[in-house]
Amino acid sequence: MLIELERKAAEGMRSRMELFEQIRRDRDREGLSIRALAERHGVHRRAVRQALASPLPPGKLGRYRAVIDEWLESDRVAPRKQRHSAKRVWSRLVDEHGADVAETTVRDYVRARKRAMGLVIGEVFVPQVHAAGVGAQVDWGQALVDLDGVRTRVHLFLMRASFSGAAFCQASLVETQQAFLELHVEAFEWFGGVFTELRFDNLGSAVKKVLRGHRRVETERFIALRSHYLFVSQFTTPGLEGAHQKGGVEGEVGRFRRNHLVPVPEVGSLAALNERLLGASEADLDRYIIGRRVSIREQWALERPLLRRLPDEPFDASETATPRVDAKALVTVRTNRYSVPVSLAGLSVAVRIGARQVTISHGGSVVAVHERLHERYATSAVLDHYLELLARKPGGLERSLALSQQRQRGAWPAADDELWTALGERYGRSEAARQMVDVLMLCREHGAERVELAVRGALTAGAHDGNAVAVLARRATATATATAPAPLTDLSPRLAVHDRPAPVLSDYDQLREDAR
């Protein structure tokens, strides 16, 4: 009986779907009015309006229809390549709203709504067959992100294994040759080996000049990278025709962008964005490519052992410089300035300049690491580099560039400002600044997170004093690192005779229970 009811219900839903389809066809072919359509099909005019608005009868998506419509409407002002696909809409409904709805239902609704809104975008790719461990394709793409509150265009580097479909993605603020080379090194490390052949388009980072046929004049730095890893490079035909010769990675750029960068993500730094992209690359190993019975991860398990072993040392794509530290504890690199500890003022330092990072060393030890600046005449200052100087001149803390940038990065806790204000009211402006420098010094020993907790604890207790913060920070560290005392195994025989087992209080506990 139950099966029969379910069958009838299913037929009723199918007939209603067919009814909606026929109403829409009649309107499209004959241009009938809503009243005429209602009379022809024997339904209320409300049902006709529902059919004309959507091919899906109400109730399939319920309240989620409004959510989907809102997302699709927001796509009108979103970057063209970062609009919702049907799959992305479905995944957001499941992840963000806990929706229990079939992907095909969402896909049908999104297709109809996109067509009605003029948002339909379609791409077609030719399926190909590739040998395991042999080839990979490389390409650049672009995406928009809200980077530290500013809408920013980033360049996406993708390397995709042709056989398994495993893909590595990272972002760069620039699409320079140095970034291109560095990201190859990171991609090989992520894959754990080197493909026999890499396919590229004719981008300037690798090709200086395109000659007749398949001949290319390649850049010396690219040749050095290829020589280091001993892969074979293949280049596509120039123009639109060439894009179809590496359709796997072309499609991967768009798929990755739609599935992981929609809606436009908000991140605090490029490093945070790349951590997110790396997690997405790992998560995508568990997806299934249409037409395959196994996941990418299972295919990759077959392909990974066939890659060429990585060289003992990675290719070094960085540039070097040896600038002198100026009186503001800054070094100038490519028109931009980066801070170092004040103790190095007046000395020369060694700088390794990467596409995304600047590393500064002195005496063989790294003294500063900065995210590389790509504008001109900008400065990156780290507050910790100036603490020794501020301990002698605490009045310089309040308006220091380093503090301002720390606030901009969101790395200055609100509790620190609350403590600073309380110290000022109790001790005065100068002493308050001095004690704040002492609090910042604690971060070197205990870490910023524990110091922030100590500051909050002091405020809660009403102990508006730098020494109170120090006591709480040290107590937190001692608690976190405390270990059980080691047993005494080296007692002299004279003392060992007094060794007794630890007291047992079970009998006493039983007496207490009996007394109750």
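These numbers come from the heavy atoms of this one structure, side chains and all, not from hydrogens, waters or symmetry mates. Starting from 1, each residue takes its place in the sequence as its number.
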Mutual orientation of the aromatic rings belonging to [X] and [Y] [parallel < 30°, tilted 30-60°, perpendicular > 60°]:
{"X": "Y229", "Y": "F188", "answer": "tilted"}
{"X": "H260", "Y": "F256", "answer": "tilted"}
{"X": "F231", "Y": "F200", "answer": "tilted"}
{"X": "Y64", "Y": "H97", "answer": "perpendicular"}

When rounded to the nearest 0.5 Å, the distance separating CD of Q82 from CG of N259 is 12.0 Å
CZ of R258 to CZ of R88, rounded to nearest 0.5 Å, is 12.0 Å
Next on the checklist: Checking side chain to side chain contact (heavy atoms under 4.5 Å, CB included) between F168 and each of H184, R160, E189, E186, which is the one that passes?
Outcome noted: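 Running side chain to side chain contact (heavy atoms under 4.5 Å, CB included) over H184, R160, E189, E186 with F168 returns exactly one hit, E186.
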Side chain [X], main chain [Y], donor-acceptor under 3.5 Å:
{"X": "Y386", "Y": "L403", "result": "no"}
{"X": "D148", "Y": "S269", "result": "no"}
{"X": "S172", "Y": "H155", "result": "no"}
{"X": "E298", "Y": "R293", "result": "no"}
{"X": "R83", "Y": "D75", "result": "yes"}

Any Lys/Arg nitrogen of R221 or E319 sitting under 4.0 Å from an Asp/Glu carboxylate oxygen of the other?
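Salt bridge between R221 and E319, a charged N being under 4.0 Å from a carboxylate O: no.
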Residues 374-386 vs salt bridge (Lys or Arg N to Asp or Glu O under 4.0 Å), sequence neighbours excluded, gives D384-R444
